Amino acid sequence: MKKLLIATYDLEIGGVERSLISLLEKLDYTKFEVDLMLYSHKGEFLSMLPDTIRLLDENPLYKTFRMSVRETAEKGHVALAVARGFARLRALLKPGEEKGVRQMQYMWRYASPFLPDLQGEYDLAISYLWPHHFVAKKVKARHKIAWIHTDFSSIPTDEKEDLRIWSTYQTIAAISESCAEAFIAKYPSLTKSVMLIENITSPEMVKSLAATGSADIMVSDPSFKLITVARLSHAKGIDRAVEVLHQIHQNGYKNISWYVVGYGGDEGLVRSLIEKYKLQQSFHLLGKQLNPYPFIQAGDLYVQPSRYEGKAVTVGEAQILGKPVLITNYPTAESQVSNHIDGWICPQSIEGMTEAVLHLYHNPDIRKSLIRNCLQTDYGNSHELNKLYQLV
């Protein structure tokens with residue numbers, strides 16, 4: 001039996017974390033002994049871990065990656081706090097937006113010398129979430145895999161630093177063809193290392209959870225309901241969703257509402273926009289939900305207003321539940337849906353999204369066609385795990 005390690009930050013509610021739970025549920029445990037390394041033992045999905053995996057003890061030094069610099073210092077980890085502060089300073093000196101991305105890279109680079117190695121040796125070690133320094137530098141394994149969950153052409157990383165880490169992996173697993181193509185365009189020297197391993201989807205789990213929960217606030221709402229499940233972040237474009245609903249109401253369609261399941265750093269921005277446009281009665285932030293599927297089920301149209309994506313887990317889950325899906329034309333969109341068949345792709349602009357929502361609102365026959373095609377499609381893909389097995 002082979003020894004497998006999977007490492008990631010935590011099991012807070014999110015699409016990547018849900019995909020990891022699905023992967024763990026579908027793994028063949030006659031082939032692997034599985035260790036899970038969480039830098040922080042937190043998150044609602046902890047309760048969903050299969051009994052067949054071994055959760056490694058939490059290490060207080062790695063837990064600091066979910067703390068502020070001040071809190072890290074107060075916990076007595078002064079060297080790590082200094083490294084984190086230096087990472088922040090270096091990121092601020094770089095031009096461009098989203099300095100937090102580079103700060104995460106530098107945080108791992110400068111903190112790594114003060115972090116312990118993981119004991120033992122593995123046949124296969126998977127770094128499930130970027131940045132991938134831990135498995136690259138602190139784990140002994142015969143074969144190492146780094147996972148790509150997003151479109152790296154849209155992320156302003158420090159490419160030299162990133163390439164230094166990516167190059168230590170024998171395999172780089174991209175969740176879609178478009179993700180792979182975007183990554184290769186950015187890092188052509190790594191072309192031979194890249195392979196497609198899609199996020200594992202469990203239709204049985206999605207349908208079961210959709211049937212067990214409740215979404216009373218939506219069920220009792222007679223309006224036409226848009227639903228999104230996503231982090232409140234720049235990438236996911238929830239701020240744009242508020243703008244779109246404002247335009248829809250300006251066009252006279254006050255009977256359309258929008259529900260968002262999720263949380264994140266942009267919550268303040270989103271709430272300020274809701275207040276600015278006086279949408280408190282029609283744009284609803286539902287916060288964290290361990291089971292988002294009843295809310296998806298209760299919606300009339302699932303909308304993904306993202307600026308960029310890898311392959312949004314929630315879009316696939318909406319399709320499993322037979323929901324008409326509308327997504328923006330981010331670079332990997334065509335790997336997510338077959339346009340006008342099991343989903344609808346619209347322009348990235350506020351006007352383009354507004355027009356698409358109203359078009360689907362006015363054309364129930366199109367929505368019915370999308371629903372019918374989704375229900376006739378098998379979105380299960382546990383066979384993707386065969387690619388993983390073949391690596392060892």
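Remember, it's a predicted structure, so these values are computed and weren't measured experimentally. This chain uses plain numbering: 1 for the first residue, then up along the sequence. Quick note: numbers below take in every heavy atom, side chains included, and nothing from hydrogens, waters or symmetry partners.
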Inset, instruction - Could you check V261, V260, V242 and say which one makes a side chain to side chain contact (heavy atoms under 4.5 Å, CB included) with L285? - result: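 Testing each of V261, V260, V242 against L285, the sole residue satisfying side chain to side chain contact (heavy atoms under 4.5 Å, CB included) is V260.
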
Inset, instruction - Could you point out which residue of L24, L124, D35 forms a side chain to side chain contact (heavy atoms under 4.5 Å, CB included) with I6? - result: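 When L24, L124, D35 are each tested with I6, the side chain to side chain contact (heavy atoms under 4.5 Å, CB included) holds only for L24.
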
Calculate, to the nearest 0.5 Å, the distance between atoms [atom1] and [atom2] belonging to [X] and [Y] respectively.
| X | Y | atom1 | atom2 | value |
| --- | --- | --- | --- | --- |
| L190 | T171 | CG | OG1 | 11.5 Å |
| I197 | I172 | CD1 | CD1 | 11.5 Å |
| D117 | F134 | CG | CZ | 8.5 Å |
| Q281 | I274 | CD | CD1 | 11.0 Å |
| S193 | I145 | OG | CD1 | 11.5 Å |
| K138 | N59 | NZ | CG | 11.0 Å |

More than 12 heavy atoms of other residues, nucleotides or ligands under 6.0 Å from [atom1] of [X]: yes or no?
| X | atom1 | value |
| --- | --- | --- |
| Q119 | CD | no |
| K75 | NZ | no |
| R231 | CZ | no |
| D57 | CG | no |

Determine whether the aromatic ring centres of residues [Y] and [X] are separated by less than 6.0 angstrom.
| X | Y | value |
| --- | --- | --- |
| Y253 | F224 | no |
| F295 | Y259 | no |
| Y39 | W108 | yes |
| W166 | H132 | yes |

Is there side-chain contact between [X] and [Y], with at least one heavy-atom pair below 4.5 Å?
| X | Y | result |
| --- | --- | --- |
| V392 | L4 | no |
| T157 | K186 | yes |
| L80 | L61 | yes |
| Y187 | E159 | yes |
| L55 | H41 | yes |
| H359 | I366 | yes |
| I200 | E25 | no |
| Y293 | S208 | no |

Inset, instruction - Take R90 and D158 through the salt bridge (charged side-chain N to carboxylate O under 4.0 Å, His left out) test and state the conclusion after the steps. - result: CA-CA 11 Å; R90 184 175 175 189; D158 181 324; 3.8 Å; yes

Legend entry - With H149, the ring pair (Phe, Tyr, Trp, His ring centres under 6.0 Å) member among F183, Y128, W130: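 By the ring pair (Phe, Tyr, Trp, His ring centres under 6.0 Å) criterion, H149 pairs with just one of F183, Y128, W130: Y128.
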
Establish, from distance only, whether the side-chain atoms of [X] and [Y] form a donor-acceptor pair under 3.5 Å.
| X | Y | answer |
| --- | --- | --- |
| T354 | N251 | no |
| T314 | Y302 | yes |
| Y29 | D51 | no |
| E317 | Y379 | no |

Pairing of [X] and [Y] as salt bridge, 4.0 angstrom limit:
| X | Y | result |
| --- | --- | --- |
| K26 | E204 | yes |
| E58 | K63 | yes |
| R164 | E161 | yes |
| E12 | K288 | yes |

Check the hydrophobic clustering (I, L, V, M, F, W, Y; side-chain heavy atoms under 4.5 Å; chains of links allowed) and say if [X] and [Y] are grouped together.
| X | Y | answer |
| --- | --- | --- |
| F86 | M67 | no |
| L301 | I296 | no |
| V315 | W344 | no |
| V337 | L360 | no |
| V229 | I238 | no |

Legend entry - Sole candidate of R142, K3, K144 that passes salt bridge (Lys or Arg N to Asp or Glu O under 4.0 Å) when paired with D123: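 One option only clears the test, and that one is R142.
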
For the side chain of [X] and the backbone of [Y], is there at least one donor-acceptor N/O pair under 3.5 Å apart?
| X | Y | answer |
| --- | --- | --- |
| Y389 | D28 | yes |
| S369 | D365 | no |
| E384 | E198 | yes |
| N381 | T201 | yes |
| S349 | G352 | yes |
| D300 | K225 | yes |

Using every non-hydrogen atom in the two residues, find where [X] and [Y] come nearest and quote the distance to one decimal.
| X | Y | value |
| --- | --- | --- |
| M205 | S22 | CE-OG, 3.7 Å |
| A356 | L326 | CB-CD1, 3.8 Å |
| L321 | A210 | CD2-CB, 3.7 Å |
| Y330 | S306 | CD2-O, 3.8 Å |
| Q304 | A230 | NE2-CB, 4.2 Å |
| A146 | Y169 | N-CD2, 3.4 Å |

Legend entry - Verdict with reasoning, K236 to T228, per side-chain hydrogen bond (donor to acceptor under 3.5 Å, both in side chains): CA-CA 10 Å; K236 301 298 183 179; T228 301; over 6 Å; no

